[in-house]
Protein chains: 2
Amino acid sequence: MATPANPSGDGARATLAQVAARAGVSPSTASLAFSGAGPVADETRERVLAAARELDYGGPDPRARSLRTGRSGIIAVVMEDRIRVAFRDPMVVTLLDGIADEIGTAGYSLLLLTDSLERAEGGLRDAPMDAALLLGCSTDLDPAVKVLSQRQVPLIGVEAEPRLGMHLVDIDNREGMRAGAQHLHDLGHRRVGTITLPMDREHTRGPLDPEWVERSVAYTGLERLAGVRDVFPDAPAVVAAGSLIEEGLVAARALLDAHPDLTAIIGQSDLLALGAIQAIEERGMRVPDDVSVLGFDGARIDGLTSHRLTTVVQPGVEKGRAAARLALAALAGEPVESVVFRTELRRGDTTAAPRTA
Amino acid sequence: MATPANPSGDGARATLAQVAARAGVSPSTASLAFSGAGPVADETRERVLAAARELDYGGPDPRARSLRTGRSGIIAVVMEDRIRVAFRDPMVVTLLDGIADEIGTAGYSLLLLTDSLERAEGGLRDAPMDAALLLGCSTDLDPAVKVLSQRQVPLIGVEAEPRLGMHLVDIDNREGMRAGAQHLHDLGHRRVGTITLPMDREHTRGPLDPEWVERSVAYTGLERLAGVRDVFPDAPAVVAAGSLIEEGLVAARALLDAHPDLTAIIGQSDLLALGAIQAIEERGMRVPDDVSVLGFDGARIDGLTSHRLTTVVQPGVEKGRAAARLALAALAGEPVESVVFRTELRRGDTTAAPRTA
DNA sequence: AACGCCGATCGAATCGATTCGACAGGCGAA
DNA sequence: TTCGCCTGTCGAATCGATTCGATCGGCGTT
């Protein structure tokens with residue numbers, strides 16, 4: 001055989017103890033040689049590493065290490081939707097990128113989880129993790145929060161409703177949206193409609209049920225709605241089933257059918273706003289000449305060239321980074337303080353003064 | 001305190017042994033009660049679960065379990081690019097979705113890794129995983145493969161060069177691309193250029209270096225190039241720095257500058273093809289009237305409405321699923337057979353007969 | 001010259017579960 | 001009646017590392 005020498009047959013991986021034995025040192029010393037903690041003579045370390053090489057030993061087993069140290073080196077990200085849906089939202093991807101970057105340089109890896117599957121036991125309940133980030137405008141995190149906090153996993157919520165025992169990273173949703181709406185108001189708009197993110201766990205489409213506003217089930221969506229209504233108290237709202245272009249299209253059609261006199265549409269996300277643009281243009285109207293469109297998020301959307309969307313920009317990567325840092329701080333036992341980022345209105349070419357018809 | 005009773009103070013999580021003690025059974029029995037393996041009297045199980053509830057015990061510690069069983073319940077996906085870049089490619093997202101779906105229902109979770117960071121030790125080397133899927137048209141997987149195979153982790157490559165000890169999921173890249181090129185040839189095209197995926201680890205842009213073709217560093221890109229050249233042996237090629245619309249744009253500009261008489265451009269991915277469309281249109285030419293464009297992948301691209309791209313469709317979700325199934329099979333000790341999927345040409349409205357100028 | 005300290009190494013306990021083999025009854029079959 | 005067999009339970013070994021405390025020279029101080 002051309003494979004490296006392995007005394008105990010090939011299938012079995014060598015253990016640190018075997019390496020130590022071969023190097024003529026104790027397991028403790030071998031461990032120190034690998035981890036770098038504690039003083040080890042250069043000559044000894046060399047001997048250990050040589051023995052490891054001979055046995056084709058690839059370093060300490062992460063499983064054993066994590067049992068002993070109590071750390072798995074894994075930080076989980078819990079999302080509400082399945083991957084194909086969630087990743088179509090550039091905001092999610094941007095967040096994730098910030099998270100991955102930050103935890104990566106700290107030596108952690110990223111585990112992707114979905115909160116839905118209570119049946120398949122493989123996820124929240126059983127996966128090893130040192131901390132968890134709950135992502136997205138989740139409409140109901142309770143089950144996930146319950147399981148994880150019982151497991152004593154530090155929890156960081158991104159855009160989540162303030163909740164016991166969970167640290168938060170958020171933005172000034174209401175104020176940001178208010179500023180956007182005010183921009184439209186300043187331009188002269190008075191009849192403005194809005195498309196909201198999902199408002200219930202089932203992601204029901206349709207005109208906004210006033211009851212939802214009372215029951216407060218979807219934190220982010222309600223905050224942004226409140227921002228719109230701070231300026232336009234009577235703005236009609238249609239709920240989309242997700243932050244997707246096609247959802248925005250469907251919702252905007254409904255909005256325009258019910259309120260043909262709207263001069264502007266506000267999407268609670270850029271994708272919803274883009275859908276609204278499509279709906280407007282498919283009726284032969286033009287943006288912003290006939291109808292203005294305002295978005296929210298400001299994440300880069302690849303391949304969008306026809307318009308520069310006017311939108312409320314939030315610092316996505318920074319938000320992800322901050323969430324990751326909170327998790328790392330919690331793990332380091334440092335005090336954790338929730339963070340709120342500020343948004344900023346970015347003027348593109350999708351808003352203008354309404355036609356003075 | 002309103003928190004559940006916890007004899008040993010609050011910070012510490014209860015252990016299975018403590019639960020067993022409280023229920024008046026042995027740890028072995030308590031374990032069986034939780035795992036469901038082995039026979040346990042209903043009454044006993046109830047007693048154990050009750051004790052667990054009283055101690056706020058959330059089930060066995062994944063770390064300990066995974067040391068003992070040798071399984072972590074984690075399957076890693078290794079990508080070449082950082083998240084923000086990789087996830088901009090709908091093909092990657094589609095693959096990931098298939099993977100997540102399949103391993104999720106099997107009770108596994110998905111760990112996201114990047115192969116680049118050899119420095120930050122937190123990834124390939126230290127993360128717990130039962131198997132790894134190597135993703136993407138990776139230009140050089142060697143380091144990753146080395147580390148992981150030393151760790152005795154079963155390896156599945158998606159679109160990777162055949163390689164020792166690694167099972168593969170692939171498509172008929174060359175044949176698929178040949179069919180696409182043939183379609184153009186049938187339409188009457190003779191002067192066709194192509195934009196390729198990155199060809200070296202540094203992702204260098206520019207006209208294709210013939211030397212690369214010899215050295216065979218980028219499996220997928222070379223296969224697809226070969227497919228084009230099966231039909232158009234002299235087709236000029238420009239290498240892009242990634243599968244991105246803007247990369248396609250840049251490359252297509254270069255291609256059109258150098259060869260103004262091209263009647264068709266073939267992108268090795270849909271995103272590259274979309275970039276090519278932009279490049280063509282920015283010169284005041286039209287697709288397909290002046291220049292035809294052909295893509296590869298056929299993954300859904302959100303918000304693309306202006307054209308229905310003619311493209312070589314590969315079954316992305318199925319590919320992801322298949323890769324996941326191979327991994328699961330390897331873990332189950334079943335024989336693993338590599339899989340090759342077939343592609344299919346989908347005619348959109350971006351190809352037509354060349355102008356008979 | 002004696003003391004203390006530091007560098008290097010080792011022994012042994014420990015992390016928290018799973019699992020194999022053993023054992024005690026109870027029940028059905030021969 | 002007796003022999004297996006099945007069910008339910010328990011003891012003890014084990015997974016593979018980390019880490020605390022102890023040991024032991026050697027070296028610099030005063």
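Here is how names work: the chains are called A, B, and so on, in the same order as the sequence lines, proteins then strands, and each is numbered from 1.
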| query | Under the criterion side-chain contact (heavy atoms from CB on, under 4.5 Å), which of B/L135, B/V145, B/L112, B/L124 is the partner of B/V78? | reply | B/L124
| request: Have a look at A/Y57 and say if it touches a base, only the backbone sugar-phosphate, or nothing, with a 4.0 Å heavy-atom cut-off. | output: sugar-phosphate
| Closer to the 5' end of DNA chain C via nearest nucleotide, is it B/R63 or B/S28? | B/R63
| query | If only atom types and distance count, is the side chain of B/R47 paired as donor or acceptor with the main-chain N or O of B/A23 below 3.5 Å? | reply | yes
| request: Return yes if some donor-acceptor pair links the side-chain N/O of B/R125 with the main-chain N/O of A/G59 below 3.5 Å, else return no. | output: no
| said: For a 4.5 angstrom cut-off between non-hydrogen side-chain atoms, does A/L328 reach A/I75? | reply: yes
| request: Give the first and the last nucleotide of DNA chain D, reading 5' to 3', that has any atom under 4.0 Å from a heavy atom of chain A. | output: D/dG16 to D/dT19
| Are any side-chain N or O atoms of A/S109 and backbone N or O atoms of B/A127, one a donor and one an acceptor, separated by less than 3.5 Å? | no
| said: If we ignore hydrogens and angles and just use 3.5 Å, is the side chain of B/D130 paired with the main-chain N or O of B/S72 as donor and acceptor? | reply: yes
| Pairwise side-chain contact, A/P128 with B/I74, heavy-atom cut-off 4.5 Å (strictly under) | yes
| Residue pairs, two or more places apart or on separate chains, that pass salt bridge (Lys or Arg N to Asp or Glu O under 4.0 Å) and touch residues 323-335 of chain A | A/E102-A/R325, A/E318-A/R325
| task | Answer with base, sugar-phosphate or nothing: what part of the nucleic acid does B/S35 contact at a heavy-atom distance below 4.0 Å? | result | nothing
| query | Checking all strands, does A/P39 fall into the base, sugar-phosphate, or nothing category for heavy-atom contacts under 4.0 angstrom? | reply | base
| message | When the axes are fitted on five pairs at both termini, how much does the helix from C/dA1-D/dT30 to C/dA30-D/dT1 curve, in 10° steps? | response | 30°
| said: Looking at A/T29, I'd like to know whether one of its side-chain N or O atoms comes within less than 4.0 Å of OP1 or OP2 on C/dT9. | reply: no
| message | The test is side chain to side chain contact (heavy atoms under 4.5 Å, CB included); show your working for A/V147 and A/Q150 and say whether it passes. | response | CA-CA 5 Å; A/V147 170; A/Q150 184 170 238; 5.9 Å; no
| Given DNA chain D, 5'-ward residue of the pair B/T69 and B/D42, judged by closest heavy atom | B/D42
| said: Quick check: on DNA chain C, is the nucleotide nearest A/V40 upstream (toward 5') of the one nearest A/L67, or the reverse? Name the residue that is more 5'. | reply: A/V40
| message | Under 4.0 Å, counting only non-hydrogen atoms across every strand here, what does B/T15 touch: a base, just sugar-phosphate, or nothing? | response | sugar-phosphate
